[in-house]
Structures are given as C-alpha cells and as structure tokens.
Amino acid sequence: MSTAARRRVCSGIAAVAVAVLSSVLPAVLGSVPALAHGFTSTAYVHLASPRTGHVRAELQLEYDLLVVSAADSGKDDPLFREGTAAFEGGDAAEQAAALDGHAGSVVAYVTERFGVTAGGTACVPARDGGFTIGRREGVPYARLVLDYRCLESAGAHEVRSGLFPGSEGYVRDSKTIVTYDLDLRSGSTALDSRHRSFSTEQSWAERFWQFFRLGAEHLLGGVDHILFLLALIAGSRRLREIVLAATTFTLAHSVTFVLAALGLVRAPASFVEPVIALSIAVVAGWHLWRVRRRRSHATDLETAGHGRLGLDRAGLARLAVVFCFGLVHGLGFAAALGIDQAWSWTLLWSLLVFNVGIEVVQLAIIVAVFPLLALLRHRRPVAGLWTTGAIAAGVSVMGLVWFVQRVLGV
C-alpha cells in the first residue's frame with residue numbers, strides 16, 4: 001500500500017469512527033445508568049413446606065429499594081427517613097431496626113405483591129420473626145420470613161411476584177429468582193414483568209424456557225457484552241479466528257459462571273464491572289494496534305495466518321487475553337442472577353440453561369455480522385480495513401469511557 005493510500009485508509013477510518021461515535025455514543029452514554037446497580041433489582045425467594053398446610057417463604061430483598069417502595073406505598077414518611085439514614089450509616093443493626101419499627105408498612109407492601117395460592121385459594125401470610133440484614137453483590141439485602149397457611153388438601157401451589165415493578169419509578173424492572181421444595185417437587189424458576197407467576201406443576205420445558213429466555217435477554221440487553229463480541233468479530237480475519245475466540249470466551253465465562261454457582265469464587269461488582277469495560281477497550285484496541293504495527297501491509301492481515309491453530313503469535317496472545325477477560329465476564333453473568341452464595345448450587349441446572357441462552361444469542365450475532373465483514377474484506381480489502389477500524393475505534397472509546405465511569409462510580 002502506498003503512502004497516499006495509507007493516508008486515505010487512516011483518514012477513512014477516522015471519518016467513519018467519528019460518524020459512528022457521534023451517532024452511537026450519546027445513546028450509549030445515556031444508557032449508562034442501566035448498567036449501574038439499582039436500575040434493575042433481583043429478589044430471591046426460597047419456598048419450603050415445614051408441615052402440612054404451611055409454606056415457608058424466605059425472601060431476600062434489596063434494602064434501600066424495599067425502604068423507598070414500602071414507604072411510598074404506605075405513605076410512611078418516618079420509614080423513609082429512618083430507613084434512609086440507616087442505609088447511609090451502613091449499620092446493619094440500625095437497618096433491621098428501621099424495618100422492624102415499621103413492619104406493618106413493609107410486610108403489607110411485600111404481601112400485596114408476593115403471594116402463594118393453593119387450590120385456587122390464597123394462602124394467608126404471617127411474619128415469622130424479625131428482619132435481618134445480609135449483603136449480596138456488595139449491597140445490603142433484607143431477609144424476611146413469611147409463613148403462609150394454605151389448604152391442606154392442595155396438591156400444587158401457585159406463586160406470583162410483582163415485587164418492585166417498573167411502574168413505581170424506582171427501577172426499570174425487577175426479577176424474582178425462586179427456588180422451591182414443595183409438593184414432592186424441587187426446582188427453580190425466574191419471574192419478571194412478563195411472567196409473574198408459576199405453578200409447582202410447571203413442566204421441564206417451561207422451566208427450561210424461562211431461564212433460556214433470561215439468558216438471551218440478558219445478553220441482548222447488555223450493551224457491554226455485545227460490544228465485547230463486536231470487538232472480537234472486528235479483530236477476527238477468518239472463520240477459524242472468530243470460532244476460536246468465541247469458543248475461548250465461552251469456555252472462560254462458563255468456568256467462572258459455574259464456580260460462582262457453587263459458591264467457590266466471588267468478586268465484588270466494583271472490580272468486575274470496571275474490568276469488563278476495560279476488556280472491551282483492550283480487545284477492540286488490539287485490532288487497531290495490529291493495523292498500526294503492519295502499517296503499509298495492514299491489508300495483509302486479511303490473509304495472514306500461520307503457526308499453531310493457524311494463528312500467528314499475536315493471534316495466540318489475543319486468545320489468552322480473551323480467556324482472561326472471559327473469566328471476568330463469567331462473574332458478570334453470574335451477578336445478573338445474584339450468584340454469590342453457595343446455596344446457588346440448587347440453581348445449577350437452571351443457570352446452565354441461562355448460559356445456553358447467552359450462547360445462542362452470541363452465535364446469532366456472529367452469524368449475522370461476521371460473514372458480511374468477511375465478504376467485504378475479501379472483495380474490498382481497504383474498505384474492510386476502514387470498516388473494522390471504525391468499529392474497533394468506536395468500541396474502544398466506549399469501553400474506556402465506561403471504565404472511567406465505573407472506577408469513579410458515576
């Protein structure tokens with residue numbers, strides 16, 4: 001490639017990158033709060049039957065969200081003041097005391113939105129003990145135990161959850177992860193705004209679909225994970241490379257995903273989220289670095305390749321980097337379901353299905369995007385270099401912006 005051609009390539013990359021950033025970056029930055037804690041919330045419920053006619057529900061609810069939602073619903077301003085002060089003070093005993101002092105408002109809020117039905121008749125709830133405070137994903141969660149008295153003759157139970165709906169204005173949406181050991185059945189399910197109830201008689205296929213759908217929706221709704229995948233695609237020259245990169249990423253995040261479910265690994269969101277953002281910038285920047293290093297032979301990247309696995313040394317190093325970052329992404333996927341306790345072993349099958357949903361969407365994105373880029377690179381190498389350079393530049397900048405924001409907590 002001549003000096004003039006190289007300058008045209010660089011100018012083209014810059015122009016396209018500016019166009020992409022000017023149109024995409026404002027929208028992405030506007031969605032940053034969606035990636036921050038508090039924009040969505042997860043409630044955790046375990047159901048068991050300690051004796052005939054009774055269902056014991058142990059709920060774990062995000063403390064600050066529970067305070068503001070219950071105070072607003074019950075017009076309980078003292079609960080808001082005391083609960084907020086306890087939250088800001090960070091004292092678990094004071095937080096539990098604030099909830100106990102306004103148990104009427106809090107329990108009323110929860111039982112209006114979470115219920116158990118047996119034989120078509122609603123079970124009657126009663127609070128069992130006081131509130132306790134624990135931590136999940138680095139934030140306080142309130143533990144509430146409810147004893148539901150139900151019809152003794154019922155052969156199945158239905159459970160509904162409308163906790164923390166988006167209509168309240170505090171979160172965009174919430175989901176309730178339920179594990180149960182009822183009616184001689186045990187299993188797990190996930191409830192959200194689209195699926196608010198389930199029966200202990202639900203089929204294997206229904207349970208599979210719920211977690212498969214959650215996994216697919218999580219990847220599609222996770223802009224950072226999609227950008228990481230686009231960075232892999234942009235930096236992959238041949239089908240072999242993207243297959244190896246995607247497989248490496250899948251293996252890595254599956255390892256930490258399962259280990260988190262077993263309670264063997266744990267990392268705070270304050271570490272995981274910035275590293276995920278950094279991984280986006282690094283993987284995207286890797287392609288730009290290789291283009292710059294090859295300079296006048298940059299278009300040769302589209303046909304180069306040798307050595308083990310058909311990759312050069314830089315390609316093998318890229319796989320190692322992808323694997324390391326994939327381990328951290330696995331912790332991010334695990335955090336999507338709040339997996340940070342050893343009891344999550346009971347969810348393992350459902351979590352693997354969740355992972356399958358992620359992989360199917362990931363594969364669909366690769367199938368949709370990579371052939372188009374491969375065709376462009378084959379027929380118009382310079383245009384292919386412009387396009388992949390623009391994608392890599394835009395993704396890298398977004399990753400760096402997110403990294404800074406997450407480190408600073410803004």
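Checking His54, Arg127, Arg56 one by one against Asp147, the side chain to side chain donor-acceptor pair (under 3.5 Å) holds for a single residue, His54. Remark: of the listed residues Gln362, His225, Glu359, Glu359 is the sole one forming a side chain to side chain donor-acceptor pair (under 3.5 Å) with His253.
Taking the six-membered ring where the residue is Trp, Trp286 and Trp289 present perpendicular rings, their angle passing 60° and hence far from 30°. Between His329 and Phe249, the two ring planes are perpendicular [angle over 60°; tilted spans 30° to 60°]. Between Phe325 and Phe228, the two ring planes are perpendicular [angle over 60°; tilted spans 30° to 60°].
For CZ of Phe80, the number of neighbouring non-hydrogen atoms (other residues, nucleotides, ligands) closer than 6.0 Å is 12 at most.
For the residue pair Leu331 and Val272, the shortest heavy atom distance occurs at CB-CG2, 3.9 Å. In terms of heavy atoms, Glu112 sits closest to Ser73 at OE1-OG, 4.3 Å. Summarising the geometry of Ala48 relative to Leu182, their closest heavy-atom pair is C-CD2, 3.5 Å, with the distance given to 0.1 Å. Arg377 approaches Gly235 most closely through the heavy-atom pair NH2-N, 4.4 Å. Nearest approach of Ala281 to Gly399, heavy atoms of both residues: CB-C, 4.1 Å. Nearest approach of Val395 to Ala231, heavy atoms of both residues: CG1-CB, 4.1 Å.
Leu59 has its side chain out of reach of Thr176: every pair of non-hydrogen atoms, C-beta onward, lies at least 4.5 Å apart. Looking only at side-chain heavy atoms (C-beta outward), Leu372 and Val369 stay at 4.5 Å or farther from each other. Under the 4.5 Å side-chain criterion, counting only non-hydrogen atoms from C-beta, Val178 is in contact with Leu47. Annotation: side chain of Leu146 is not in contact with side chain of Val55 (no heavy-atom distance under 4.5 Å). Within the 4.5 Å cutoff, the side chain of Tyr141 has no heavy atoms near those of the Tyr63 side chain. Counting only heavy atoms from C-beta outward, the side chains of Val223 and Trp402 approach each other to under 4.5 Å. Residues Leu99 and Ile133 meet the side-chain proximity criterion, which asks for heavy atoms closer than 4.5 Å. Within the 4.5 Å cutoff, the side chain of Leu232 has heavy atoms near those of the Val322 side chain.
Atom CZ of Arg318 is separated from atom OG1 of Thr248 by 9.5 Å, given to the nearest 0.5 angstrom. Separating the NE2 atom in His195 from the CH2 atom in Trp209 is a distance of 8.0 Å, to the nearest 0.5 Å. To the nearest 0.5 angstrom, Leu66 atom CG is 6.5 Å from Phe131 atom CZ. The distance from the CG atom of Asp192 to the OG atom of Ser161 is 9.5 Å, given to the nearest 0.5 Å.
His157 and Thr117 share no donor-acceptor pair across their side chains, judged by distance under 3.5 Å alone. Remark: the Ser41 side chain and the Glu62 side chain contain an N/O donor-acceptor pair separated by less than 3.5 Å. Asn355 and Ser254 form a side-chain donor-acceptor contact under 3.5 Å, judged by distance and modelled atom types alone. The closest side-chain donor-acceptor pair between Glu158 and Ser199, if any, does not fall under 3.5 angstrom.
A donor-acceptor contact shorter than 3.5 Å is absent between the side chain of Tyr44 and the backbone of Thr179. Formation of a donor-acceptor pair under 3.5 Å by the Thr42 side chain with backbone atoms of Ser174 is not found in this model. Side-chain atoms of Thr256 come within 3.5 Å of backbone N or O of Leu327 as a donor-acceptor pair. Ser236 places no side-chain N or O within 3.5 Å of a backbone atom of Arg238 that could act as its donor or acceptor partner.
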| query | What's the verdict on side chain to side chain contact (heavy atoms under 4.5 Å, CB included) for Leu408 and Val404, showing C-alpha distance, side-chain angles and the deciding distance? | reply | CA-CA 6 Å; Leu408 299 179; Val404 172; 3.8 Å; yes
| request: Determine, stepwise, if the pair Leu251 / Val255 fulfils side chain to side chain contact (heavy atoms under 4.5 Å, CB included). | output: CA-CA 6 Å; Leu251 291 175; Val255 167; 5.5 Å; no
| request: Just do the side chain to side chain contact (heavy atoms under 4.5 Å, CB included) check on Tyr170 and Asp72 with the steps written out, would you? | output: CA-CA 11 Å; Tyr170 299 114; Asp72 183 52; 3.4 Å; yes
| request: In sequence, state the C-alpha distance, the side-chain angles, and the governing distance for His287 and Thr388, and then conclude on side chain to side chain contact (heavy atoms under 4.5 Å, CB included). | output: CA-CA 8 Å; His287 177 62; Thr388 57; 3.0 Å; yes
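For Phe164 and Phe114, the distance between ring centers is not under 6.0 angstrom.
Between Arg81 and Asp76, no side-chain nitrogen of the basic residue sits less than 4.0 Å from a carboxylate oxygen of the acidic one, so the salt-bridge criterion is not met.
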